[in-house]
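Below you'll find the structure, written out as structure tokens, and then a few comments.
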Amino acid sequence: MTSREAQVVSTPQSADPPRPRGRLAEVVARLTYPFRRGAAPAKQPATGFYTDTTVCIGCKACEVACKQWNQLPADGFNWSGNSYDNTGELSASSLRHVKFIEQFADVLPPPPSPNGRMSLDVLPAEPPPANRWLMMSDVCKHCAAAPCQQACPTGAILYNEFANVYIQRDICNGCAYCVAACPFGVITRSHFDGHTHKCTLCYDRQKDGLVPACAKACPTASIQFGPVEELRERARQRVEELHSRAVPGAYLYGDSPTETYTELNSFYLLVDRPATYGLPEAPFNPWIHMTGDYVRAVLSGLGAMGGLLAVFLVMGQ
Amino acid sequence: MPGLGASFGRGAATTFQQDLANSDCILIMGSNMAEAHPVGFRWPMKAKAKGATLVHIDPRFSRTSALCDIYIGIRAGSDIAFLGGLINHVLTHDKWFKEFVLAYTNAATIVDEGFRDAEDLGGLFSGFHPESGTYNANEGKWAYEGEGEDGQTKAAHGKEGTHGYGLEGGGRAEDRPHRDPTLWHPHCVMQILRRHFARYTPEVVARVCGCAPDDVGRIADLLCANSGRERTSAIVYAVGWTQHTTGVQMIRAAGILQLLLGNVGRPGGGIMAMRGHSSIQGSTDVSTLYDLLPGYLPQPTPDEGHDTLESYVKKEGIPTGYWANFSKFVVSLLKAWYGDAAAAENDYRFGWVPRVDGDYSHLPTMDRMARGEMTGYFLFGQNPAGGGMNAGLQRAGLRKLDWLVVADWFETESAVFWKDDPNGPPAAEVGTEVFFIPAATSPEKDGTLTNTQRLLQWHNKAMDPPDDCRSDTWFVYHLGKRLKDLYAGSTDPKDQPLLNLTWDYEHGAGHRLPDGTVSCIRDEPDVELVLQEINGYRVGEIDPRTGRPRLLKGFSELKADGSTACGCWIYSGVFPEPDRNRANERKLSDNPVQPEWGFAWPHNRRMLYNRASADPEGRPWSDRKKYIWWDAEKARWDGPDEPDFEPTKPPGYRPPDGAKGMAAIAGDQPFIMKPDGLGWLFAPKGAKDGPLPTHYEPVESPVGNLLYPRQPTSPTVRTFEGPLNRIAHTPTAEFPVVATTFRLTEHYLSGPMSRFNSWLNELQPEMFVEMSPELAAERAITHGDWVTVRSARTAIECRAMVTRRVPSLLVDGRVVHQIGLPFHWAFAGEVVGGNANDLTALVAEVNVSMHEGKAFACQVERGRHDGRQPSPTKHPVAWPTRDPIPNTPAAAQPEGGFTHDE
Amino acid sequence: MFSLPVATKPQPFSPQTAEKASRLRGATVTEGVCPYCAVGCGQLIYTKGGQLIDIEGDPRSPISEGTLCPKGANTFQLSTNPHRVRNVLYRAPYADKWETKPLNWALDQIARRVKAARDAGLVTRNADGRLLNSVKTIGTLGGATLDIEENYLIKKLFTGGLGVLSVENQARI
Amino acid sequence: MQTAATPPAAGYADREPTKPPDWHQLVVWDVFFNALTTGLFLVAAVGELALPEVFGPVAVWAYPAAFVLLLVDLSLLVLDLGDPLRFHHMLRVFKLSSPMSLGTWCLTAYSLPLTLLVAIDIGTVVGLVPGDSDAVWWVRRVLLIAGLPVAFGSAAYKGVLFSTSAQPGWRDSRWLGGYHTSSAVVFGCAELLVLSVLTGHDRAAALLRPALGLLLVLGLIPLGLLLGELRPELTRRYTRDDLFRGVALSVGGGVLIPLLALAAVGTNPFAVVLTAVLVLTGGWVIRHLIVMLPHQAPLVR
């Protein structure tokens, strides 16, 4: 009984093709590289994450496991004061981000506030059933129709065979349009290499049949990885179970498509409204407007040109 | 370890972490399990998923509380009051597990009528000597009736503590103690217990702890509903209990509660001690402790009874129970140490073992060091200058040394105290000579770690350490060889122990690494040989397969005639064959106990006292809680685990009169390390601060003792008062805020293994103090402000984390504020900051010389501290390495290397 | 159901993406145990060419089942760390800086100091003439983060061989 | 790396979930130059195609100017990339769903006829190309016709690029593309007017003045619609004073005053240049307000 982790080492590692020799060959190789194509692998069942925030202990093992596996840089020692969240946000160097939300009722009568700012309390949408400290490990949502993927002008962002949204680091040129496109604020551009980075869903590990580093490390199975269909089923059962255990506020975020957005292949079980967790209440795919915007742009332009032509033709004769 | 030892017989967690998943209710108290042991917390979470209720009782609402079903905030240091309330509730409502208690505990045993309880003497037990601050258990008549003055006495070390099993077991006369199964006898343990805990009513507990009176009954009812034949509850604790001057008694209280509820030795029950360091259990077992020889054998003292091996065995041995084999353990240890030089005619060189004539534990040693009484000191992966209690005093001690050797990975506070201590004198005034030996990390060496559930797990060397980094095995081994060379030829008797010390762990051939290459370190000792010596071998009997002495299969093979050698008897069996290192066995099976993964001491038993999982007749208490049972057909105990019992002793066995050793333990007495085979509700021996837990305030508390007003703090506690160690005695008005220290998931201890690591530092970069909005408002502090926290020792600055997670409590009608201080920062590393350990006091609990980091008094002020503040000694390093992975194409390089690689 | 106004065709894979694989292929895997707390999580240590390339949880461990906490997940950085000291450092009395020294030199010096301190500090019998055979002027501290074999050798050498009394570690209770 | 006291914020509910791309001044100037080059080409080409005899002589100056402006714009585009050496990756795919892809292809396609036109112009000036040959005339016509749609596309994509994003403000601005395209034509008209006045082509100038006036008035429609859509985000993120200055510069300075000036001052070269500068400045200010909008933290009220 050996683990996949022990078996993988027996797969031989391939080698890089020989590097071009000489300046000119190197320049030519650079110029032609983006136009070379690799063979697209055969499609596999879609995989993703199911993050059950009700069992998250906020340990941040996911963050460190991600940094370790992907060898990401530490990105600054800044005490935020926002509960135990000193990561602050998802970025090119923090592909996982654990959020902390403190919701506590007054124990003793509320004290006068020295200057208006008080403790870390975040008022819940509705009075919480008890004092609680919500924790949630945030990550790329791997949207079924991802705005970042649609935006990417180089084709660096693609859907790999597992239907994960993946940024090809050898292609990305750092235009940052994906940053603008993401409704969840997942992607940023790294100031180290100028490229954008986000969760790869450990594409390299999946290729070898391994679970992504964060899901593997998670001590309480708050982050679960697997075929999305299975995950959705499991998540829906969990919601029912929670409802039966007097957690009526539990619901799934992103497990199914809405009017304005597709389903997320990385979805969440939450117990407060999305905004409490820093998620958009109703994510919106900006491409819904694209055709109309083009039409308005073209019409305005044509109108102006028409006016111009009219003046020329009428007055120029 | 006496907390557990006095109750059950062994100072170790009674169960294993995975078994927590079988609990129906888990009480986590004195532990912040989700934060300090996140992976261990996996198992309570599994229990929760199966429907169990998790309860957290703690001064702070931590990440553990967030995941528990019930959280109750109590004042730091008031745990015994709360536990006493639970015990009282169980007793007064008659909810204890009758069959279990009657059969398996000493509830019915009658105690000497001369005994006087704390109830009678205003918070003191009989036998107290105020001038020395100690109890004399004999004078106090703590013993069972009939033992009287003849009860065997252990060698006393004066005031100092000892871990020796003598505390855990304790002897008695060979007569059977008197028992009253009706439990009506006024001096029977049950009646004493009832009287002792009657004071702990819900109202009183609420006044002391700051919780609501209902909370006690709520939790007690929950535990009772989840105990009994069909259900079990577990208790989890960690340093939140141990780091008190009443720590041993807190654990004792938990032991009493679990015995009353019948939750010991049963699946989903027990007391899980969560230890903090990777091998803290192992370092106690093998014992790098001043008063213990390996395997919990008491180190001899200048006591008359310790003059000869025979008198020592007579004095410290116990005639009944497993400790009857005492002489085998001692002689085998001496053979392992002194080899051929140890023989029957020279008392196996028992005289060579140094005698303990005082307290040489860490804290008193530091106190002596600060007084200039020490010459040289070795630090192996410990950082007293940052992590020691009253770390300022410990640094003052290091500055008084002639020389100091630090073996570590990074330049910790203890390595750079002479130059980087912001509050220390300039380097030119520090005379300590310092040697820093770069150490190997665990992937760079072979070795065994004993985890919190007594499980020995071998870790394999994966690669050589860089440059001059060496394992501590290498360092100690070669230091020993050099010392032997320096002393070579000496005929001075005092040098003979060293010259005759067996010291041969050479690798036969070069050490082959897992990748097939040979280690570059040619003189690395063979760690397996060390483990084999720990396991034990037959002297002079050569195994033809190896040409070395034949290995022992377990401690049952030990002999007292010098024919066996064994470095640590409780570990015997870990290396039964030359090619079978059971610590390195990683076999999985269908058995949920997974007995072939590693090796648990003793004798691979995963759950201790598991005989108690069956009823006195040997049948499982219930099908749901089946674990070990008597199989009459096979005439042996059966089940998924090794029985912690003689495997073929039937339940009906009754010892004949005058029986000795294991023969004196009946077939229905599961606590085989106890001379009477019973779990001790009342501990006639084993704890130096009393046979029953009693609530005392911490040494520093703003509140007096509401339960025993005449006795504010533990009568036996030792303080080391002096200019460097001022104490704000209870009740203090000058320092009205209760401080408790805590661990964050993101850091480790005082930071030697975390504050040099950027991936962890970015998660918790700065020292902060958690306080309630009420306290903040009182001191005009805003969230995020700099504040100064002051104790009687010193002051530090930190950022204010104003949060309702640290409740201010109503204690005896007035508001008592608490603050929480993470203890991870000091002055060396990538991130530095105020050190909570500088604030704590050097005080020592009497049994184990434990300090009181979890409850002390302080004052909080707005604004920065005007003293000198540390600045980082290391620049932050974003990437641990940017070297590409060798022999790996660009496509398989890590995604985050952030290189242009097309 | 929401659908896109513009169809997104499959995007081409780059040659590198098509070759994507984990770096664990061809590595050497070794079974280890996490050096941080006492839970005892199993770890798998991957090396390539003698270089550490990854440490992650051992999915077979019945205790940890492949999971790790943030510190355990950080074990890689504990070993591969530019702040690690790689040579013996020596600080002479009253000096204001470290000097780098050879390992052998340090061992010799330490052994000599131990001998001198022991010879001066060893007490054979106390004032009452009772046997002591002990040294109180030297001490060792640490062990709870060490392997049990290391602990055993420390106790054996310092207590059994040299008669040092103050052999201590972090464990207390 | 340790920070001084920072005012901590509790929770996440008050934060915008999106993150602005690190597009700053470079992109403001890029959007501005995009309009300058495409507008100039569009107006010159339409003029030359419609009234060759009137606009032909001015257009000869216009194409090199548009070419220079295009070079500036392209440089800004490249420099704004995180990895400028990979600019050519933009041409790796043609992707309709990505306005940036479409735009890059349009710009590339636009640069080809423009380059040839400039080459022909320069060739004519230095005498390498016979300026009056029929073949050249036809080649120019073909190039102009070929250039028109791609230049138009180059102008039209830019606003859509912003409006099809998730950024606050941008995502609400349905008329951003409309405004940008119409404003590009306004820019082009103003530029060509300046060129005409400076090179003394009075007939062209006489036509361009009313045209500019008309375009400015027409342009108020998309501008008004755009500002209407953006009002909530603009008022949330800019102070009242900033907004007043911005609107004064862009609507007052960029439209109303030029309109008055066009009516009042006639063909005075200095006044024409000043008018054009006002128009362009107004356009720049609007672009600045919009591009920087997501970077502007919401004001605490």
Side-chain angles (χ1 to χ4, degrees), chain A residues 1-6 8-9 11-14 17 33-34 36-41 59-61 63-65 67-69 145 149-150 152 155-160 166 168-171 203-205 207-208 210-211 213 216-221 257-262 285 287-288 290-291, chain C residues 1-31 34 39 41-49 52-61 63-80:
Chain A
M1 197 163 54
T2 61
S3 57
R4 183 67 204 138
E5 275 83 343
V8 63
V9 296
T11 313
Q13 186 81 267
S14 62
Y33 183 80
R36 292 174 52 207
R37 302 287 193 248
C59 73
K60 309 182 195 171
E63 290 193 28
V64 181
K67 293 233 166 177
Q68 197 275 137
W69 174 257
Q149 195 277 336
Q150 292 155 356
C152 179
I157 306 186
L158 50 67
Y159 282 97
N160 64 18
Y166 176 68
Q168 308 182 74
R169 61 179 168 167
D170 51 338
I171 301 301
Y203 187 24
D204 48 355
R205 292 178 67 88
K207 276 277 192 183
D208 283 339
L210 300 170
V211 171
K216 182 179 173 188
C218 180
T220 55
T258 66
E259 286 295 304
T260 55
Y261 214 80
T262 55
N285 190 314
W287 266 258
I288 291 178
M290 188 172 74
T291 314
Chain C
M1 173 82 184
F2 152 74
S3 69
L4 287 174
V6 178
T8 313
K9 282 197 183 140
Q11 297 300 310
F13 280 60
S14 79
Q16 208 188 85
T17 311
E19 291 292 309
K20 205 79 203 156
S22 83
R23 62 178 179 274
L24 305 184
R25 292 185 181 182
T28 303
V29 61
T30 311
E31 286 163 317
C34 180
V39 169
C41 300
Q43 290 185 329
L44 293 177
I45 297 144
Y46 293 90
T47 55
K48 243 182 197 181
L52 181 64
I53 64 162
D54 181 38
I55 295 182
E56 55 188 74
D58 183 350
R60 295 179 67 245
S61 164
I63 299 168
S64 56
E65 299 182 329
T67 66
L68 289 174
C69 77
K71 294 187 286 275
N74 177 68
T75 315
F76 174 90
Q77 201 184 19
L78 205 54
S79 287
T80 306

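Heavy-atom basis, side chains included; hydrogens, waters and symmetry copies ignored. Chain A is the first sequence line, chain B the second, and so forth, proteins listed ahead of strands; every chain is numbered from 1.
- Residues C:Pro59 and A:Lys216 are in side-chain contact: their nearest non-hydrogen atoms beyond the backbone lie under 4.5 Å apart.
- Nearest heavy-atom pair, A:Gln168 versus C:Thr17, reported as atom, atom and distance to 0.1 Å: OE1-OG1, 2.6 Å.
- If you tally non-hydrogen atom pairs under 4.5 Å between each of C:Glu56, C:Glu31, C:Arg23 and chain A, the highest count goes to C:Arg23.
- Contact of A:Cys59 with chain C is made through backbone and side chain together, with heavy-atom distances under 4.5 Å.
- Ranked by non-hydrogen atom pairs under 4.5 Å with chain A, the options C:Gly72, C:Ser64, C:Ala21, C:Ala18 are led by C:Ala21.
- If you measure heavy-atom distances from C:Leu44 to chain A, the contacts under 4.5 Å come from the side chain alone.
- With a 4.5 angstrom heavy-atom cutoff, A:Pro219 touches chain C via backbone and side-chain atoms both.
- A:Gln68 and C:Asn74 are not linked by any side-chain donor-acceptor pair at a separation below 3.5 angstrom, with hydrogens and angles left out of the test.
- Proximity to chain A is limited to the side chain of C:Glu19, based on heavy atoms less than 4.5 angstrom apart.
- For the set C:Ser22, C:Ala73, C:Cys41, the count of heavy-atom pairs under 4.5 angstrom toward chain A peaks at C:Ser22.
- If you measure heavy-atom distances from A:Ile157 to chain C, the contacts under 4.5 Å come from the backbone alone.
- With a threshold of 4.5 angstrom between heavy atoms, C:Lys48 approaches chain A through side-chain atoms but not through N, CA, C or O.
- If you tally non-hydrogen atom pairs under 4.5 Å between each of A:Gln13, A:Arg36, A:Lys207 and chain C, the highest count goes to A:Gln13.
- In this structure, chain C has a heavy atom under 4.5 Å from the backbone of A:Ala39, while its side chain stays farther away.
- Legend: residues meeting ring pair (Phe, Tyr, Trp, His ring centres under 6.0 Å) with A:Tyr166, ordered by chain and number and at least two apart, are A:Tyr203.
- Here A:Lys60 contributes atom NZ and C:Cys69 contributes atom SG; the two are 12.5 Å apart, rounded to the nearest 0.5 Å.
- Ranked by heavy-atom pairs under 4.5 Å with chain C, the first of A:Pro41, A:Gly155, A:Ala221 is A:Pro41.
- Listed here is the closest heavy atom pair of A:Ala217 and C:Thr67: O-CB, 3.1 Å.
- For the atom pair CH2 (A:Trp69) and CD1 (C:Ile53), the distance works out to 7.0 Å, reported to the nearest 0.5 Å.
- By the salt bridge (charged side-chain N to carboxylate O under 4.0 Å, His left out) test, A:Glu63 is found to be paired with no residue, residues two or more places apart in sequence or in another chain being considered.
- Distance CD1/A:Ile171 to CD/C:Gln16: 8.5 Å, rounded to 0.5 Å.
- The most heavy-atom pairs under 4.5 Å with chain C, out of A:Val9, A:Val211, A:Val8, A:Thr11, come from A:Val9.
- Nearest heavy-atom pair across A:Asn160 and C:Phe13 is CA-CZ, 3.9 Å.
- Within the 4.5 Å cutoff, side-chain heavy atoms of C:Arg25 are placed close to those of A:Asp208.
- Side-chain contact check for C:Gln11 versus A:Gln149: some heavy-atom pair is nearer than 4.5 Å.
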